[in-house]
Amino acid sequence: MSSVVAVPQHKLSETPNSRAIEINDWVIIASTNPISSASECDALQASLGFPLPEMTFGSNYLSLEHRPSGWKMMFDTHNALKCVKKGELGEGDGGVKVGYADAWLKSRTDPGTNLPLPVTVTAKHYDWTYTLTYPGHHLDSAPGTDSPSSSIQWIDADQDNPSHSIPLSELTRPDPILFYAEIPLFEDELHDNGSSNLLVRIRVMPTCIFILSRFTLRVDNVLFRTHDTRIYHSFSSSPSLVIRQLSGWEAPYDGVKRRLPSRHDLTPLTDANFIAKVLTELPVTESQQIGARTRWRGLRTKVEIAVLARDGP
């Protein structure tokens, strides 16, 4: 029989477009708003320098603040889209060509010619799939970085230290959920060639905070790609620390399609959770080394920690 988990004192508050929780030394705010208006989109697009996703939630965000240390972290649409590559895509950017591009070219090329097919390149001045590896950002970050400008920095986790890893057993326990929010940042159907979206989820339980920011990409008949940022903090950690795990996977479209529960039902291919489950269950050599042969730099798993306070004076 599982032991009863004590619920710490906490305070919930709510406005028409936001919800917040104050618990232990933390203040967490989740703001969810309608899709940005035309004028808001114009301003954001002018700032970014490329067309926005079809559904852009420019006013949505998740913020968390550790009051004793002043450490503040945030996930929002503007800073996420700043991570989308502008200009010509290069090595490591994971550029994706639409699946029917070669067939389209062949249909318009004289079959009797000896001339080679022209090389297909992305004509857009940005990554049209909106691929990103956005890890969240700090409110006191220096421009162009995701690290705080204060003395608290992200450092590589110690693989031999159990307190430097996210405890899945704790997250799967049926503990009460004191606070939960889903914050969509953007979604785009890629001109009917697939889907690209970024969704942030948070849950606060009596013992911990857990955040999952998940980017999911489907390019029909080409590939699937997922990038997860997981943030975990145990209220009992000593010294007080935050764990961040960054992971990226991808696989050819047909490789994921073959793992459908029923080959007659393609619906799961539109489910980010199904896609992530398949990609993470593939051998690492397939999903994080070979991938879909795009050489995307996001194919990895990296664990970092930020120490908020140390024991002693």
Side-chain angles (χ1 to χ4, degrees), residues 15-21 28-65 72-86 93-94 96 126-139 141 144-146 179-191 194-204 209-219 224-232 244-250 270-273 275-276 296 298:
T15 68
N17 294 317
S18 69
R19 297 173 58 240
I21 183 171
I28 299 167
I29 302 173
S31 180
T32 52
N33 301 269
I35 294 173
S36 296
S37 66
S39 59
E40 291 170 336
C41 285
D42 288 345
L44 182 54
Q45 182 166 313
S47 172
L48 293 169
F50 56 81
L52 299 182
E54 294 165 331
M55 290 182 283
T56 298
F57 300 87
S59 298
N60 285 3
Y61 67 85
L62 172 69
S63 69
L64 55 161
E65 177 184 359
K72 301 176 183 179
M73 193 169 187
M74 191 168 186
F75 292 83
D76 69 25
T77 306
H78 187 189
N79 282 279
L81 288 172
K82 282 164 66 175
C83 295
V84 173
K85 177 64 184 291
K86 291 172 61 178
D93 292 328
V96 179
Y126 67 102
D127 184 350
W128 68 283
T129 70
Y130 298 103
T131 287
L132 44 75
T133 58
Y134 176 53
H137 69 281
H138 293 271
L139 297 183
S141 295
T145 72
D146 76 290
F179 181 86
Y180 178 81
E182 289 190 4
I183 305 102
L185 298 187
F186 69 78
E187 184 171 352
D188 191 280
E189 294 186 352
L190 306 179
H191 307 287
S195 175
S196 174
N197 68 80
L198 179 60
L199 177 68
V200 182
R201 294 188 179 97
I202 180 170
R203 52 185 165 122
V204 179
I209 299 168
F210 180 66
I211 298 168
L212 171 59
S213 173
R214 172 168 287 166
F215 168 78
T216 305
L217 173 67
R218 183 189 84 248
V219 181
F224 289 89
R225 177 181 290 165
T226 294
H227 187 273
D228 285 352
T229 297
R230 287 176 164 85
I231 303 284
Y232 169 83
R244 180 167 69 177
Q245 179 178 303
L246 309 171
S247 303
W249 308 267
E250 69 176 19
T270 64
D271 182 352
N273 292 327
I275 295 166
W296 179 43

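Computed from a prediction, not measured in an experiment: that's the story for all the values here. Computed over heavy atoms, backbone and side chain alike; hydrogens, waters and symmetry mates excluded.
- For A20, the side-chain contact (heavy atoms from CB on, under 4.5 Å) partners two or more places apart in sequence, or in a different chain, are S13, I29.
- For the side-chain hydrogen bond (donor to acceptor under 3.5 Å, both in side chains) test, residues two or more places apart in sequence or in another chain that qualify with E182 are Y180, R201.
- The CD1 atom of I28 sits 6.5 Å away from the CD1 atom of I211 when rounded to the nearest 0.5 Å.
- With values rounded to the nearest 0.5 angstrom, K82 atom NZ is found 10.5 Å from L44 atom CG.
- Rounding to the nearest 0.5 Å gives a distance of 5.0 Å between CG of N79 and OH of Y134.
- When all heavy atoms of A80 and L198 are compared, the closest pair comes out as CB-CD2, 3.6 Å.
- Using bins of under 30°, 30° to 60° and over 60° for the plane-to-plane angle, the ring pair F50/Y130 lands in the tilted bin.
- The two residues S196 and L190 come nearest to each other via the heavy atoms CB-CD2, 4.0 Å.
- Shown here are the side-chain hydrogen bond (donor to acceptor under 3.5 Å, both in side chains) partners of T216, two or more places apart in sequence or in another chain: there are none.
- Annotation: the span from Q245 atom CD to T229 atom OG1 amounts to 9.5 Å, rounded to 0.5 Å.
- Scanning for side-chain contact (heavy atoms from CB on, under 4.5 Å) contacts around N33 gives N17, S31, S59, N60, with sequence neighbours left out.
- In terms of the ring pair (Phe, Tyr, Trp, His ring centres under 6.0 Å) criterion, F215 has no residue partners (sequence neighbours excluded).
- Of all heavy-atom pairs between D271 and N273, the closest is OD1-N, 2.9 Å.
- A 4.5 Å side-chain heavy-atom check between L132 and F186 finds at least one atom pair inside the cut-off.
- Of all the heavy atoms in W296 and G94, the pair that sits closest is CB-CA, 3.8 Å.
- The CD1 atom of I183 lies 10.5 Å from the OH atom of Y61; values are rounded to the nearest 0.5 Å.
- Residues passing the side-chain contact (heavy atoms from CB on, under 4.5 Å) test with E187, sequence neighbours excluded: M55, S195, N197.
- For the residue pair F57 and P184, the shortest heavy atom distance occurs at CB-O, 3.4 Å.
- When side chains are defined from C-beta on, D93 does not count as touching T131, because their heavy atoms never get closer than 4.5 Å.
- For R203, there are no salt bridge (Lys or Arg N to Asp or Glu O under 4.0 Å) partners two or more places apart in sequence or in a different chain.
- Applying the side chain to side chain donor-acceptor pair (under 3.5 Å) definition to pairs two or more places apart or across chains, those involving residues 43-55 are S47-H78.
- Without hydrogens or angle criteria, S36 side chain to T56 main chain gives a donor-acceptor distance under 3.5 Å.
- With sequence neighbours excluded, no residue forms a side-chain hydrogen bond (donor to acceptor under 3.5 Å, both in side chains) with D188.
- Shortest non-hydrogen contact noted between V200 and S213 is CG2-OG, 3.7 Å.
- With hydrogens and angles disregarded, no donor-acceptor distance shorter than 3.5 Å links the side chain of H138 to the backbone of M73.
- Of the possible donor and acceptor atoms, one in the side chain of W128 sits under 3.5 Å from a partner among the backbone N and O of V96.
- Applying the salt bridge (Lys or Arg N to Asp or Glu O under 4.0 Å) criterion to D76, with sequence neighbours excluded, gives no partner residue.
- Inter-residue side-chain proximity for L81 and P53 is flagged as met; some heavy-atom pair is nearer than 4.5 Å.
- Between R218 and T270 there is a side-chain heavy-atom pair separated by less than 4.5 Å.
- Residues that satisfy the side-chain hydrogen bond (donor to acceptor under 3.5 Å, both in side chains) test with S18, not counting sequence neighbours, are T15.
- One finds the CG atom of L246 at 7.5 Å from the CD1 atom of I231 (value rounded to the nearest 0.5 Å).
- At distances below 3.5 Å, not a single donor-acceptor pair connects side-chain atoms of R214 with backbone N or O atoms of A276.
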